[in-house]
Amino acid sequence: MIPLVDLAKAIRSKNAGPDKITFDVIMKDRAAYDLVCASGVLSRDAVRALYGVPDSRISDHVAFDPAMAIKFTLFRTQPSGSLGDADIFGSQQYGPLLGIMVPG
Amino acid sequence: MDTLANRGLRILCPNGHLGFAPTKEGSFALGLTELPDMIACDSGSSDCGPVPLGSDGSASPLAWQTHDIELMLLGARRQGVPMIIGSAGDTGTNSRVDRFVTILRELAAKHSLPKFKVGYFYSEVPAALVADRMQQDRIAGLDGRADLTEAELAATERIVAVAGVHPFMKLLEMGADVIIGGRSSDCAIFAAPALHRGYPPGLAYYYGKVMECASFCAEPYAGKESVLGEITMDDVRVTAMLPEQRCTIASVAGHAMYERSNPYYEHFLGGHIDMRDCVYEQLTDRTTRITGPRYVPAEDLRVKLEGAGKVGERYVGMVGVRDPYTISRIDEVIAWARQAAIDRFGPEGQPGGWQLSYTIYGRDGVMGALEPNRDRPAHELCVVVQGVAPTAEMAEEITITGSRQMFYARLPDVKGTAGGVAFLLDEVMRASPAYRWTLNHTMRVTDPMELFPTHMIEVGT
């Protein structure tokens with residue numbers, strides 16, 4: 001098993017407008033990208049399970065070849081900056097991705 | 001319209017969000033030595049949350065806005081090239097546009113700059129106009145939102161429309177040396193001068209898309225550094241100006257994803273670009289070349305509207321917890337304090353009423369329900385209490401109740417019978433009023449200029 005953090009050069013989250021948070025996992029090279037894609041650790045289902053959300057919360061899930069990245073986007077349950085939202089920029093929602101182990 | 005088929009239009013972008021953190025001067029100075037044809041950047045974002053738009057303020061300090069504008073203005077006037085800023089002062093409201101025009105006047109006087117023409121446009125939309133349009137046509141919700149209702153519109157304090165390239169192009173045609181834009185699509189700031197010079201729309205809008213965050217399209221990661229872009233009839237090229245940064249295929253392609261839910265499409269008033277067939281090539285060590293973006297005109301002109309409404313006045317309290325037993329039953333402690341507020345002020349969450357919100361750092365403060373580890377809290381917690389109510393006095397009392405009553409919570413087996421929580425301060429703090437995003441919608445328009453009145457003045461001596 002290889003830690004995802006050793007295969008990725010960026011693992012980040014950020015608002016995509018006030019109603020969504022988008023996650024980017026950008027791999028270091030093509031081999032790492034192919035390995036992660038094939039492993040399924042960042043598949044739509046895997047992401048859904050990791051964050052404990054129904055599939056309807058995922059607005060987009062894309063494997064983006066030119067950037068060697070997997071990108072997915074979650075609908076927020078309330079807009080950014082509403083009372084009770086503690087991450088106005090959506091920039092600290094990627095933590096659970098850092099613990100992912102990739103078979104290989 | 002000049003068509004410059006044989007040479008490119010070079011634009012220097014110093015900052016991805018002017019004023020939010022100061023522009024780094026070194027790479028900007030290096031960028032100026034490349035003799036750009038124009039200096040342009042964006043100054044807005046909905047990222048700062050609904051408070052600046054709702055309260056008509058800025059998330060950026062005046063001193064930093066002035067610093068960044070001064071750098072750009074002196075560079076542009078010295079080299080005799082136009083300068084463009086979009087989405088003035090974070091939100092692009094009328095007061096933010098006026099503030100930037102005032103800063104320009106003051107800087108022109110401070111540096112005794114010779115006369116130059118300042119064009120500006122507004123983006124605020126009166127609620128009455130939206131109400132009127134709602135009678136004829138739906139105001140369509142974006143990102144899973146329902147269509148706008150009269151109640152949501154009535155709860156809205158302020159609305160801005162997001163401009164496309166049109167007001168920028170009009171001001172360029174009128175001969176503006178400096179343009180200050182109200183709320184506008186980031187990509188329009190760069191696409192407008194490229195379209196004005198006759199470059200193809202697919203490349204022009206892509207040019208804006210890749211340039212708008214300045215050094216975020218380069219690696220290694222470094223914010224607030226300048227990048228230089230060039231558009232020709234055939235391609236777009238981007239070059240990092242900070243010597244230790246490079247625009248690589250991966251960094252430029254990676255930036256296409258940034259802050260967007262989908263990396264292949266970018267929407268704006270008038271259409272979108274399709275980036276599925278983009279080809280990225282490493283031209284030199286620090287420059288990447290892009291070809292292949294396609295422009296798709298919209299069948300229907302729809303302008304995006306952003307709106308924020310006030311929820312109430314707000315106070316904040318902070319409460320620490322160290323007792324492991326209390327930590328394990330923190331929800332009961334909070335329920336006790338909330339009940340004390342209900343006993344005093346009546347039911348929570350009525351329209352126009354009061355609300356208490358608890359953020360539990362050390363358990364799930366940052367991620368809330370998305371937190372996978374919320375059943376494994378840390379050995380100490382910080383609970384941030386926010387009380388919101390129609391008046392400041394009531395919000396203060398709600399927040400004191402919601403914080404201090406945690407001290408008195410009655411848990412069945414608690415050993416610490418001299419106080420169940422720890423206070424950092426024996427007071428609560430006034431915060432900005434609470435707002436919320438009420439509009440993230442689109443509205444049909446017949447003319448892309450109809451919501452964006454333009455003005456031209458002369459500044460300098």
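The basis for the numbers below is simple: all heavy atoms, side chains too, and nothing from hydrogens, waters or symmetry mates. By convention in this document, chain letters (A, B, ...) are assigned in the order of the sequence lines, proteins followed by strands, and residues within each chain are numbered from 1. Not measured: the values here are computed from a predicted model.
Within the 4.5 Å cutoff, no side-chain heavy atoms of A/Lys71 are placed close to those of B/Asn262. Within the 4.5 Å cutoff, the side chain of A/Ile88 has no heavy atoms near those of the B/Val51 side chain. Using a 4.5 Å heavy-atom cutoff, the side chains of A/Pro79 and B/Arg145 are in contact. Counting heavy atoms from C-beta outward, B/Met367 and A/Gln92 have side chains that stay 4.5 Å or more apart.
Checking B/Asp143, B/Asn440, B/Leu142 one by one against A/Lys20, the side-chain contact (heavy atoms from CB on, under 4.5 Å) holds for a single residue, B/Asp143.
A perpendicular orientation is assigned to the rings of A/Phe64 and B/Tyr264, their planes being inclined by more than 60° (bins at 30° and 60°).
With rounding to the nearest 0.5 Å, the separation of CD in B/Glu259 from CG in A/Asn15 is 7.5 Å.
Only the side chain of A/Ser59 comes within contact range of chain B, with at least one heavy atom under 4.5 Å from a heavy atom of that chain. Of the two parts of A/Arg12, only the side chain, counted from C-beta on, holds a non-hydrogen atom closer than 4.5 Å to a non-hydrogen atom of chain B. Interface remark: A/Ile21 contributes no atoms to any contact with chain B (heavy atom separation under 4.5 Å). For A/Tyr51, the parts lying near chain B are the backbone and the side chain together; criterion is any non-hydrogen pair under 4.5 Å. Residue contact with chain B, scored on non-hydrogen atoms closer than 4.5 Å, involves the side chain of A/Ile26 exclusively.
The greatest number of non-hydrogen atom pairs below 4.5 Å with chain B, out of A/Val62, A/Val53, A/Leu83, is found for A/Leu83. Interface summary for chain B: among A/His61, A/Lys9, A/Arg76, the most heavy-atom pairs under 4.5 angstrom belong to A/Lys9.
In this structure, A/Lys14 pairs ionically with B/Asp47, as a charged nitrogen and a carboxylate oxygen lie closer than 4.0 Å.
In terms of heavy-atom proximity, A/Gly81 sits nearest to B/Pro50 at CA-CD, 3.7 Å.
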